[in-house]
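The block underneath contains the structure these notes are about, expressed in structure tokens.
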There are 2 protein chains.
Amino acid sequence: MEIIYPTGSSCIEQLKHEEKDELFGSAQILDFKAGEVVIRKGSPVHDLYLLQTGTVELALDDTNSRQSLMLLFSGEIIGVNCAYSTMHYRFSARALSDCQVLIINYQLFTRLLESNPRFSMSFIQYISMVNENFLNWHMKLTERNSAGALAFLLSEFVKNYGQNTFEIPLTRSEMARVIGFSKESVLKNLADFRKQGIVESDGKKITILDYSRLQDISVYG
Amino acid sequence: MEIIYPTGSSCIEQLKHEEKDELFGSAQILDFKAGEVVIRKGSPVHDLYLLQTGTVELALDDTNSRQSLMLLFSGEIIGVNCAYSTMHYRFSARALSDCQVLIINYQLFTRLLESNPRFSMSFIQYISMVNENFLNWHMKLTERNSAGALAFLLSEFVKNYGQNTFEIPLTRSEMARVIGFSKESVLKNLADFRKQGIVESDGKKITILDYSRLQDISVYG
DNA sequence: TTAAACAGGTGTAAAATTACACCCCTCATC
DNA sequence: GATGAGGGGTGTAATTTTACACCTGTTTAA
């Protein structure tokens with residue numbers, strides 16, 4: 001099986017062959033159905049969850065009430081920022097689509113961090129980058145109006161799926177929660193995008209017709 | 001001289017005496033006047049800046065145009081998240097009040113991280129916590145209306161200064177930029193708070209009369 | 001010493017966003 | 001096959017926030 005390593009980091013490559021074998025030899029794949037809770041807020045960190053396929057939503061609670069924190073795509077370690085701070089998850093993770101998650105032993109991972117300085121330095125680099133992305137996501141959304149925020153969200157799907165046509169694994173209400181606007185704002189902006197010929201949409205199936213225009217809206221509103 | 005170590009972290013305590021002496025023996029204090037740029041966006045990370053006294057504003061650019069990222073108080077390493085990701089500062093830091101900054105040698109710090117696993121594990125814990133605080137700041141602000149956001153900002157000053165009367169080192173426009181609302185919204189909410197007897201304010205001198213009420217507004221709007 | 005420039009402040013108009021009402025359609029379920 | 005829940009969709013009203021206009025007083029620089 002081909003394992004998808006953490007996106008944008010070479011930390012796993014810093015491990016010696018035997019270390020890598022040890023780490024992934026004990027790892028197992030868990031399957032989650034769309035809608036299932038992958039990580040519950042408040043639970044202790046027992047393992048690291050490396051997302052292989054699917055999309056996951058991070059949120060402050062599992063009640064779907066408040067704005068969600070971020071979306072995670074394949075190659076990301078779910079809640080990595082909590083693993084070495086409070087050792088308890090400070091937010092919940094819910095599968096938006098069917099997901100495969102690689103479960104990595106936390107104790108073993110920690111032991112490798114302690115014994116292999118090249119690995120730990122690369123891991124420091126990795127979590128620094130993850131958190132910059134996290135901050136970036138939030139800055140991008142708070143600076144934008146509803147049209148810009150929706151354009152940003154659609155762009156993220158294009159980037160992570162690598163194609164202009166995709167099934168968006170969120171309802172309109174969920175999209176609203178992710179970008180922090182109301183369901184109606186999402187629907188009206190989506191209608192605008194359709195009228196302007198920027199996107200085609202039929203329910204969850206979305207096609208981006210004019211990506212550069214979408215990028216413009218995502219930057220300038 | 002008494003050095004203020006990173007807030008909420010024991011990472012410096014993980015160093016042996018001779019390591020600590022080496023790290024701080026070469027360190028020097030730099031003074032910044034209110035308004036001065038401490039770190040310019042895009043510049044390479046040469047040293048670590050440990051804020052000793054004063055308040056610093058992190059922003060995406062130094063033009064004062066967009067919303068600022070966060071405020072830093074004493075005991076925080078300015079831009080620590082950039083030190084081990086891009087190795088270039090991704091945002092600017094400006095002194096809001098007169099500041100004293102302890103300049104720590106980056107190469108030396110990195111060498112200690114590589115040679116002392118206890119130190120590097122504790123540092124991983126530290127940057128994880130810093131980034132959680134960062135995220136927390138943003139969540140708190142984006143979830144709130146203008147009154148809640150202003151209440152949150154005032155609460156942060158109470159917490160970090162440890163007293164109910166203080167000189168806020170920001171103009172009303174700067175306060176607006178920090179919480180992401182307009183100058184008029186800040187002024188009107190501040191006027192409301194005065195009328196309700198929650199705060200007293202005379203220019204930059206602010207006294208919190210009803211802290212628990214302020215907390216309520218900061219949570220429920 | 002005089003005029004900008006800037007900070008604090010407030011009322012009102014304009015814009016954006018949300019909330020409400022209601023529509024259609026589909027898909028379970030009784 | 002009726003029913004009702006849930007999703008997508010849209011117009012309108014209410015609310016929130018911003019933008020504009022304008023006033024005061026203080027500081028700064030010509």
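These values consider heavy atoms only, across backbone and side chains, with no hydrogens, waters or symmetry-generated copies.
Atom P of nucleotide C:dT17 and atom CG of A:Leu141 are separated by 13 Å, given to the nearest angstrom. In this structure, CG of B:Leu190 is placed 13 Å from C1' of C:dA7, rounded to the nearest angstrom. The nearest whole Å value for the distance from the CG atom in A:Leu150 to the P atom in C:dT18 is 12 Å. Atom NZ of B:Lys195 and atom C1' of C:dG11 are 11 Å apart (whole Å). In this structure, the CD atom of B:Glu184 is 16 Å from the P atom of C:dA15, given to the nearest Å. When rounded to the nearest whole Å, the span between CG of A:Leu187 and C1' of C:dC24 equals 13 Å. B:Leu96 has its CG atom 13 Å from the P atom of C:dA7, to the nearest Å.
Side-chain N/O atoms of A:Lys204 and base N/O atoms of D:dG8 include no donor-acceptor pair closer than 3.5 Å.
Between C:dC6 and B:Arg172, no contact under 4.0 Å exists linking OP1 or OP2 to a side-chain N or O. Under 4.0 angstrom from either OP1 or OP2 of C:dT17 there lies no side-chain N or O belonging to A:Ser182. A close approach under 4.0 Å does not occur between any side-chain nitrogen or oxygen of A:Arg144 and OP1 or OP2 of C:dA16.
The side chain of B:Lys188 has C:dT12 as its nearest neighbour among D:dT10, C:dT12, D:dT12. Picking from C:dA7, D:dG11, D:dG7 the nucleotide with the shortest atom distance to the side chain of A:Thr171 gives D:dG7. For B:Ser201, the side-chain atoms get nearest to C:dG9 when compared with the rest of C:dG9, C:dT10, C:dT17.
Between A:Gly180 and A:Lys183, it is A:Gly180 whose nearest contact on DNA chain C lies nearer the 5' terminus.
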Worksheet item: Under the side-chain hydrogen bond (donor to acceptor under 3.5 Å, both in side chains) criterion, do A:Ser155 and A:Gln215 qualify, and how do the steps go?
Response: CA-CA 7 Å; A:Ser155 298; A:Gln215 292 286 79; 3.0 Å; yes
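Distance alone, capped at 3.5 Å, is enough to place a donor-acceptor pair between the A:Ser85 side chain and the A:Asn81 backbone.
Among the atoms of the strands shown, only primed sugar atoms or phosphate atoms (P, OP1, OP2) are found under 4.0 Å from some heavy atom of A:Ser146.
A salt bridge is defined here as a Lys NZ or Arg NE, NH1 or NH2 lying under 4.0 Å from an Asp or Glu carboxylate O, and A:Arg94 with A:Glu57 meets this definition.
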